[in-house]
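Input: a single structure, listed below in structure tokens.
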2 protein chains.
Amino acid sequence: MSHMKYGCLMAVDPDHVLRAAAALLTHKATATMDEVAKAAGISRATLHRHFAGRDALVRALESLGIAECEAALDAARLDEGTASEAVRRLVGAIEPAAGLLGFLYTENQLFEGEEQNAGWTLIDERISALFRRGQLSGEFRIDLTPAWLTEALYGLLASGAWMVQSGKGAPKDFQHMIVELLLGGALRREES
Amino acid sequence: MSHMKYGCLMAVDPDHVLRAAAALLTHKATATMDEVAKAAGISRATLHRHFAGRDALVRALESLGIAECEAALDAARLDEGTASEAVRRLVGAIEPAAGLLGFLYTENQLFEGEEQNAGWTLIDERISALFRRGQLSGEFRIDLTPAWLTEALYGLLASGAWMVQSGKGAPKDFQHMIVELLLGGALRREES
DNA sequence: TTCATATGAGACATGAATGTCTCATCCTGG
DNA sequence: CCAGGATGAGACATTCATGTCTCATATGAA
């Protein structure tokens with residue numbers, strides 16, 4: 001053995017491997033299993049022992065992304081306060097997962113033909129319900145469908161994550177940029 | 001020879017091949033050269049005679065995307081009328097290329113490390129200039145940077161193209177959805 | 001200490017996509 | 001009619017990622 005870090009050969013933490021894989025694939029979607037293994041600090045053989053193959057790894061990442069989304073939805077308490085406040089909380093809570101979501105978003109386009117994980121449908125419905133609540137309360141305009149607002153939120157999250165990742169924007173501006181544009185738009189408000 | 005369509009063996013039109021490749025790769029980013037050739041109605045050998053390899057094909061598609069973007073920018077006459085009107089014209093003009101742009105957008109993330117085509121920088125600057133003009137005229141709010149508004153426009157275009165392509169939205173709503181959200185946001189306007 | 005387990009390193013086979021090549025065929029112009 | 005050019009079909013080698021395997025080693029528990 002050439003070099004041994006930490007001197008530990010304990011059982012690998014699958015969650016740690018997933019986090020490392022997510023961090024890598026977030027900014028290099030075509031990374032090989034070899035690169036993923038190196039990024040996680042384990043060998044390719046061990047990576048294969050925990051995840052049968054690249055498909056299994058992506059599926060596990062998808063489950064992780066869904067779980068983080070649902071956690072963010074729970075943490076944002078979408079039913080409390082005004083819809084605007086709920087959207088703001090949601091964007092803030094989902095920010096750490098935005099990069100992973102962007103990766104899964106493009107990866108899902110490769111599954112065209114297969115059925116997508118039902119978890120995404122539930123998430124879509126929860127977010128759509130939030131926008132619908134805002135419309136019913138008179139807070140949001142009604143000429144933009146909840147489905148479109150949901151999809152637009154995804155797109156803005158991806159753009160925001162990309163901007164932060166490429167260094168063109170500061171992480172601290174992430175929430176503000178997205179929420180302000182999504183809710184208020186680019187036009188200047190006369191009143192308020 | 002098994003079957004001969006049209007009975008024509010004339011020189012292939014490279015532009016037609018590019019269009020076909022764009023149409024295919026737009027909704028199947030991992031299509032092989034074989035599939036691209038079939039989609040274009042030519043053989044893989046001929047495809048290779050016109051484009052040295054997959055890289056060359058993608059580069060050619062990038063040039064096509066840049067050209068279509070610039071054509072849309074020209075057609076939208078960004079200097080005329082209010083900035084809002086210019087944005088509306090721009091979104092309408094760029095709609096046919098939105099799918100291709102989405103493909104190139106994700107494909108560019110694979111070039112990380114290499115320098116990106118300078119054409120994109122010019123396009124970014126023209127769009128940013130439009131938003132800046134709107135800010136200087138007092139039409140747009142100034143707390144959202146032109147760079148972010150430009151990036152957000154890309155994200156919304158991608159989301160809109162994806163929504164239309166997946167059948168979740170009607171093509172006729174494309175321009176309205178994007179422009180209204182980008183400019184007005186989700187909040188209901190009190191006045192106007 | 002001794003044994004079971006987990007890991008790292010590397011070899012090996014497999015499959016897919018790619019790139020190159022040849023050859024037969026078909027059109028078009030002379 | 002004939003020559004040249006362009007194409008389609010297919011064979012072939014190459015490369016790369018993947019998946020599987022073996023073996024040596026280090027760790028932790030009995």
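A note on names: the letters A, B, ... follow the listed sequences, proteins ahead of strands, and every chain is numbered from 1. The analysis underlying the following values was restricted to heavy atoms, covering all of them including side chains, and did not include hydrogens, waters or symmetry mates.
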Taken to the nearest 0.5 Å, the spacing of A:L57 CG from A:L18 CG works out to 6.5 Å

Where B:A86 and B:L130 come nearest, the two heavy atoms and their spacing = CB-CD1, 3.6 Å

Between B:T46 and D:dT7, does any side-chain N or O lie under 4.0 Å from OP1 or OP2?
-> no

When you check the side-chain N and O atoms of B:S128 and B:T150, is any donor under 3.5 Å from an acceptor?
-> yes

OP1 or OP2 of C:dT7 under 4.0 Å from side-chain N/O of A:H50 = yes

Going by distance alone, is a donor N or O of one side chain under 3.5 Å from an acceptor N or O of the other, for A:S84 and A:E139?
-> yes

A correct 5'-to-3' footprint of nucleotides 13-24 of chain C, with B, S and - meaning base, sugar-phosphate only and no protein heavy atom under 4.0 Å, is ----SBBB-B--

In this structure, are over 12 heavy atoms from other groups packed under 6.0 Å from A:I142 atom CD1?
-> no

Grab the CG-P distance between A:L47 and C:dA9 for me, whole Å please.
-> 14 Å

